[in-house]
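Hydrogens, waters and symmetry mates play no part in the numbers below; they use all other heavy atoms, side chains included. Order of appearance sets the numbers: ligands from 1, and atoms from 1 within every ligand.
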Amino acid sequence: MYKSIIEAPFIKGYARMAQEGYLKGWHERNGGNLTYRIKKEEIEEVTAFLDLSKEFVPIGATVKNLRNEYFLVSGSGKYFSNIQCATEENVAIIEIDDSGENYRIVWGLVNGGKPTSELPAHLMNHSVKKEAINGEHRVIYHAHPVNSIAITFVFPLESKVISHLLWEMMTECPIIFPQGVGVVPWMVPGGEKIAIASSELMKKYDAIIWAHHGVFCSGTDFDLTFGLMDTIEKAAEILVKVQSMGGIKQTISNDGFRELGKAFNVTINPDYLD
Ligand code: 13P
Ligand code: ZN
C-alpha cells in the first residue's frame, strides 16, 4: 500500500515521460497530451485513493471495448512542464462507464479542470489498438515536435511519401516503424472528426502525423511510445537539415530496405517499397 498515490510506479513512469517530452521541447504551453490504460492490478493497488462519487459525463465518442477501464490522462490546458512536480493538479484518473460512452474523474485535477480536449482521439485510438493487438498497447501520446510539423509544410501529405523519406533518414527507422506513419490532413483538433480520422489510421500504423499540428504515437509502454516519437522526430530533423543543404543526393535503395528487413526479421511495408 502506497502512502501517496503518486508513488505508484505507473504514475511515476507517466510523469517521467511527460517531463522527458517537455525537456525535448515538444510541449510548449499546454501543447500535447498523454493517456495510459491502467492495468487491473495497478488500479487495484490504488483503490483507496479513488473517489467514486462524481457524475459520469459524455466522452464525445463511443468506445464499447473500453467499458469499465481506467485511464491516467493529462488535463486540458495543463502544462507538461508541471506534471512531474505537481502531478495531482495536472493529471486525472478517469473511469469509463458500462456503456463506453461516458467517463468520470475518480482522482486528480485537484484544483479543477477536465481531461484533455483530445480525449475522443485518445480513447478511440486506445479502442482500435485494444481490438487489433490483443490489448498490448496501453499508451497513446500526442506531442508537438518541431521538425515533424515542419515537414508537413513542404512534402506531399501522403503516408507513402512521408514514411519513405523518414525511413531514408536513419537506417533503423524502418525497423522501428516498419508499417510507416499515417498522415491526417489539417483538421480542427479536439473533436470527433479528427478522432475518427486518426483511429482509422491507427488500425494500420503506430504513429500518425497531424499536418501542421503534431504527432500521435501508440505503444505498449512509456519507453517504447516515447522512443517511437523520438525516432520519428529525429528522422524529421535530419530531413529538414538535408533539405536545407540542397536536398537528397544519395540514399538507401528499396533493395537495401528489403535486405534490412530480412536481416532484422521485420516486414517493412512492401506497398511503400516500389
Ligand atoms: P489539451 O490542453 O486540451 O490537452 O490540448 C493540447 C493539444 O495539443 C491539443 O491538440
Ligand atoms: Zn495538439
Option passing ring pair (Phe, Tyr, Trp, His ring centres under 6.0 Å) with H144 (candidates H212, H213, H27): H213
Y36 and its ring pair (Phe, Tyr, Trp, His ring centres under 6.0 Å) partner, picked from Y141, F222, Y70, Y14: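 Result: among Y141, F222, Y70, Y14, F222 is the only option passing the ring pair (Phe, Tyr, Trp, His ring centres under 6.0 Å) with Y36.
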Those atoms of ligand 1 less than 4.0 Å from some heavy atom in [X]:
{"X": "N30", "answer": "1 (P), 2 (O), 5 (O), 6 (C)"}
{"X": "H213", "answer": "10 (O)"}
{"X": "H144", "answer": "8 (O)"}
{"X": "T116", "answer": "1 (P), 3 (O), 4 (O)"}
{"X": "H142", "answer": "8 (O), 10 (O)"}

Where is the nearest protein heavy atom to [atom]: which residue, which atom, and how far?
{"atom": "atom 5 (O) of ligand 1", "value": "S117 OG, 3.4 Å"}
{"atom": "atom 9 (C) of ligand 1", "value": "E118 OE2, 3.1 Å"}
{"atom": "atom 7 (C) of ligand 1", "value": "N33 ND2, 3.4 Å"}

Over 12 foreign heavy atoms within 6.0 Å of CD, E41: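 Above 12, so yes.
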Whether the [X] and [Y] side chains hold a donor-acceptor pair (N or O, under 3.5 Å, no angle test) is what I'd like checked.
{"X": "Y103", "Y": "E95", "answer": "no"}
{"X": "H137", "Y": "S218", "answer": "yes"}
{"X": "T251", "Y": "E168", "answer": "yes"}
{"X": "D51", "Y": "S53", "answer": "yes"}

Proximity flag G77 to ligand 1, non-hydrogen atoms under 4.0 Å: yes
Side chain S163, main chain K160, donor-acceptor under 3.5 Å: no
Polar proximity ligand 1 side, G32 side, N/O cut 3.5 Å exclusive: yes
Contact check: K78 vs ligand 1, nitrogen or oxygen atoms, below 3.5 angstrom: no
Centroid-centroid distance, H122 to F71, less than 6.0 Å: no
Protein N/O/S count near the Zn ion (ligand 2) (criterion: distance under 2.8 Å):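 There are 3 of them.
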Pairs flagged by side-chain hydrogen bond (donor to acceptor under 3.5 Å, both in side chains) wherever residues 189-199 is involved - sequence neighbours left out: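 Those involving residues 189-199 are S198-W210.
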Pair E20 + K24: basic N to acidic O under 4.0 Å: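 Salt bridge: no.
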